[in-house]
Amino acid sequence: DQTKSAKRSPQYIASLAATLGSLSGGMAMGWSSAAGEDGKYLESSYGVQISATEFSWITSLTPIGSGAICIPIGLLAGKIGRIGRFILGLASGAFCVLVPMYMAEIGEKEIRGCLGSYEQLLGTAGVLLSYIAGTFVDIRKLSILSAVLPLIF
């Protein structure tokens, strides 16, 4: 075997950067936990009165949107090539298809499994971050944190 092993740190860094969107997606999923039962804290923080049914829809829209984009984004990426990754910004659900594809392309086979775990790890960390932050700050501050964190990355 005459292949030379590549440096691994750029592969880890690129994979981590590609999966930071999963952290944001996780925060979006966990955001509603700080809104209280049936979103009761939204009214006091934002002056918006919503019913339990409306709050149920608010909390359901992120996973519904994420699920709805998975198949179309996979087909589109296959149709227009790997340059289709710019579409990642359209929906967090796009990460489910394109990020594992990207990591499989850039990662050496010896570390592909480790790189593949980043997406789920950061998504779960995002939910956990929302839960923890929601314990200490009100829903308005959590909303600001959830909006600012993706801008940093």
Side-chain angles (χ1 to χ4, degrees), residues 1 3-39 41-42 45 55-153:
D1 190 323
T3 59
K4 185 178 177 184
S5 182
K7 289 185 179 179
R8 292 192 174 170
S9 59
Q11 296 173 62
Y12 288 118
I13 293 168
S15 295
L16 183 60
T19 57
L20 285 173
S22 295
L23 181 71
S24 299
M27 289 191 73
M29 296 273 205
W31 172 85
S32 60
S33 68
E37 187 177 339
D38 295 331
Y41 299 137
L42 292 175
S45 293
F55 182 68
S56 175
W57 275 106
I58 290 170
T59 59
S60 300
L61 287 175
T62 299
I64 289 170
S66 294
I69 196 65
C70 287
I71 291 174
I73 200 74
L75 296 172
L76 188 58
K79 197 168 200 83
I80 65 174
R82 300 301 183 249
I83 205 162
R85 285 195 195 99
F86 78 92
I87 298 172
L88 282 173
L90 293 177
S92 63
F95 288 101
C96 296
V97 176
L98 295 176
V99 170
M101 188 185 308
Y102 171 73
M103 289 188 293
E105 290 172 351
I106 68 157
E108 291 179 318
K109 65 181 177 184
E110 293 85 6
I111 62 170
R112 242 178 244 148
C114 178
L115 299 180
S117 68
Y118 283 16
E119 181 184 4
Q120 291 301 313
L121 179 64
L122 271 94
T124 304
V127 172
L128 181 62
L129 182 59
S130 282
Y131 287 173
I132 292 170
T135 301
F136 298 104
V137 300
D138 64 25
I139 188 73
R140 181 177 289 263
K141 289 180 182 136
L142 181 60
S143 298
I144 292 168
L145 175 66
S146 297
V148 169
L149 196 62
L151 294 175
I152 294 170
F153 300 111

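- The line from CD of Gln120 to OG of Ser22 is 7.5 Å long, rounded to the nearest 0.5 Å.
- A heavy-atom distance below 4.5 Å is not found between the side chains of Thr59 and Trp31.
- The two residues Gly116 and Met103 make their nearest non-hydrogen contact at CA-CE, 4.0 Å.
- Residue Glu37 places its CD atom among 12 or fewer non-hydrogen atoms of other residues, nucleotides or ligands, all under 6.0 Å distant.
- Considering all non-hydrogen atoms of both residues, Ser45 and Ile139 come closest at OG-CG2, 3.1 Å.
- Looking only at distances, no side-chain donor or acceptor of Glu108 sits under 3.5 Å from a matching main-chain atom of Arg8.
- Pairing each heavy atom of Ala125 with each of Leu23, the nearest pair is C-CD1, 3.9 Å.
- Taking 4.5 Å as the limit, some side-chain heavy atom of Cys114 sits within range of a side-chain heavy atom of Tyr12.
- The two atoms that bring Pro72 and Ala68 nearest to each other are CD-O, 3.3 Å, heavy atoms only.
- When all heavy atoms of Tyr131 and Ser33 are compared, the closest pair comes out as CD2-OG, 3.1 Å.
- The side-chain heavy atoms of Leu122 and Leu16, taken from C-beta on, include a pair separated by under 4.5 Å.
- Between the CG atom of Leu129 and the CG atom of Leu142 there is a distance of 8.0 Å, given to the nearest 0.5 Å.
- From Ser146, atom OG reaches atom CE of Met29 across 13.0 Å, with rounding to the nearest 0.5 Å.
- When all heavy atoms of Gly107 and Leu115 are compared, the closest pair comes out as CA-CD1, 3.7 Å.
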